[in-house]
Protein chains: 2
Amino acid sequence: MSLDTRSFEHAEDRVPPKFDARWSLGPARGHVVAEGTGGRILEFEPRHTIIDETDAARCSYMILEGSVMISKMLPDGRRQIIELLGPGDVFGMTTTGIHESAADTLTPVRVTAYDRAAFERDGSLQLVFAERLKNQICALHDHAMLLGRKTARERVATFLMRLIPGRGGSGCLGPQADADRRSVTVALTRQEIADYLGLTLETVSRAFSQLKREGILSYGHHDAVTVTDVCRLCRQTGAH
Amino acid sequence: MSLDTRSFEHAEDRVPPKFDARWSLGPARGHVVAEGTGGRILEFEPRHTIIDETDAARCSYMILEGSVMISKMLPDGRRQIIELLGPGDVFGMTTTGIHESAADTLTPVRVTAYDRAAFERDGSLQLVFAERLKNQICALHDHAMLLGRKTARERVATFLMRLIPGRGGSGCLGPQADADRRSVTVALTRQEIADYLGLTLETVSRAFSQLKREGILSYGHHDAVTVTDVCRLCRQTGAH
DNA sequence: CGCGGACTTGATCTGTCTCAAGTGCCGTGG
DNA sequence: CCACGGCACTTGAGACAGATCAAGTCCGCG
């Protein structure tokens, strides 16, 4: 149901985006690591573009490693981050032949890219993708609920809960052992979190500060957050 | 990409919901019309429940005729309508074995219900569903943009544009012949539109009134709306 | 040391929600 | 046939969450 959130804990691996002509020009983005049966394995640095919103759709992708964000822009510049994806998730499928949303890396990413024509011919591959799509649809449903009906505070709490594997979902394990605290790494800037949650950067910042003041979170450096009381955070998500 | 919106134009067919024990009890909702190869064909009256949010998932469904809404509720009663579906669309798939959203009819509906176990075994059926899922994902992406970033006015304009087949999408035909006017039937109440667009009923009503005052819409009876200038409406959607 | 980027915090503004009437239509029953 | 009640919708007035505008702070880096 929820994202594999360990994938967002790679911020420490981040290196500053460095321009490399080989990675940015033409339709074949990314660094080809291996050619295989039907799929090429590509690698991308953090903060690089895999798909532009207007690209012709030549490939479908499955993530092997790292985190990818799918986003859309309105002509006046308003942006919405639609999905945050991790290992196993798929993107780039389309029925129109044109991608209608962009895909960018958050962390170092390795994907398998399947040529569209080859993909269409391979039924068993499509089944694998379809299975994954079901999960992603479920996440999109939850996210629609969040965007349409939750308060800013609930959105931020929900976002943070998704970063904690095994908690908050239908099969929540409850508090473990003694203390119910967990550390997570937030691989997104405040602006990106805002674009994901349908808020402004300031509102996201205020929600973080408020949760910190209440002792539910603690953090020094912005992307290394400790949730000091997971259950209490969970009760702020609106789902209880 | 967009919904097949002719499916929302059946309000005139509506009959008042009538209670019928056969339709409401137990897991096998709906009226079985035919048993077939792997799938049963079921019929439902307007405004009836196909799936409850907590149902165990026994079937996957494909719509043959009519409109279905998929929704979720928070424990405190806030509701979000996640998707509006028409003929060809599919729902009820899950990887968890539990449905996590409800499905209700808007109009008289005929669906094919595939037993979950049988469905899992039939690869070609899954491929048909997968193809359809791609379209629905695309619609969910657009809807996330709407919920996260559009104003009330833009949301309502976008909603109305989706009711006009062949217009507003990537392959928009532009104004036809002389006048650019179209009649649509809105099969949802203001409250349902609000729950779909992440607004309140009053805000939806005000947006309708405003568009009417500006001469972009006209309507007497609430569910029979004439868009008097489709292109002008389209320019209010935020997508231009 | 000074600059720039990401974040925080405060003050104010505003779009949407909330609360509260009021209207019109339709079906029911006298 | 008309009075009545209920439901969906409209409209207005005021409140409020979150947006916007504007300083700041903190930290890494050249």
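Chain A is the first sequence line, chain B the second, and so forth, proteins listed ahead of strands; every chain is numbered from 1.
Using a 4.0 Å heavy-atom cutoff across all strands shown, B/S205 reaches at least one base atom of the nucleic acid. Within the 4.0 angstrom heavy-atom criterion, no nucleotide atom of any strand lies near B/G220.
Atom-to-atom distance recorded for B/L146:CG and B/R149:CZ is 12.5 Å, nearest 0.5 angstrom. One finds the CG atom of A/L233 at 12.0 Å from the CZ atom of A/R182 (value rounded to the nearest 0.5 Å). B/D104 CG to B/S71 OG: the interatomic distance, rounded to the nearest 0.5 Å, is 5.5 Å.
Between B/T189 and D/dA8 there is no side-chain N or O to OP1 or OP2 distance below 4.0 Å. At the phosphate of D/dA8, neither OP1 nor OP2 sits under 4.0 Å from any side-chain N or O atom of B/Y219. Close to D/dT10, at under 4.0 Å from its OP1 or OP2, lies a side-chain N or O of B/R190.
Between B/Y219 and B/F208, the ring planes are perpendicular. Angles over 60° get that label, and only those under 30° would be called parallel.
We find that CG of A/L197 is positioned 15 Å from C1' of D/dA19, with the value rounded to whole Å. As a whole-Å value, the separation of B/E192 CD from D/dC9 P is 8 Å. Note: CZ (B/F208) to C1' (D/dT10) measures 13 Å, nearest angstrom. The distance between atom CG of B/L147 and atom C1' of D/dG18, rounded to the nearest whole Å, is 17 Å. The CG atom of A/L188 sits 13 Å away from the P atom of C/dA6 (whole-angstrom rounding). Atom-to-atom, CD of B/Q210 to C1' of D/dG12 comes out at 15 Å; the value is rounded to the nearest Å. Put simply, CZ on B/R153 is 18 Å from P on C/dT14, counting in whole angstrom units. The interatomic distance linking B/H221 (NE2) with D/dA8 (P) rounds to 12 Å, in whole Å.
Using a cut-off of 4.0 Å between Lys/Arg side-chain N and Asp/Glu carboxylate O, A/K72 and B/D142 are scored as salt-bridged.
Out of D/dT11, D/dG18, C/dT8, the shortest distance to the side chain of B/E202 is found at D/dT11. Checking C/dC26, C/dC17, C/dT8 against every side-chain atom of A/S209, the shortest atom distance belongs to C/dT8.
Nearest-nucleotide positions on DNA chain D for B/L201 and A/T200 put B/L201 closer to the 5' end.
Residue side chain B/R206 reaches the base of C/dT18 through a donor-acceptor N/O pair under 3.5 Å, judged by distance alone.
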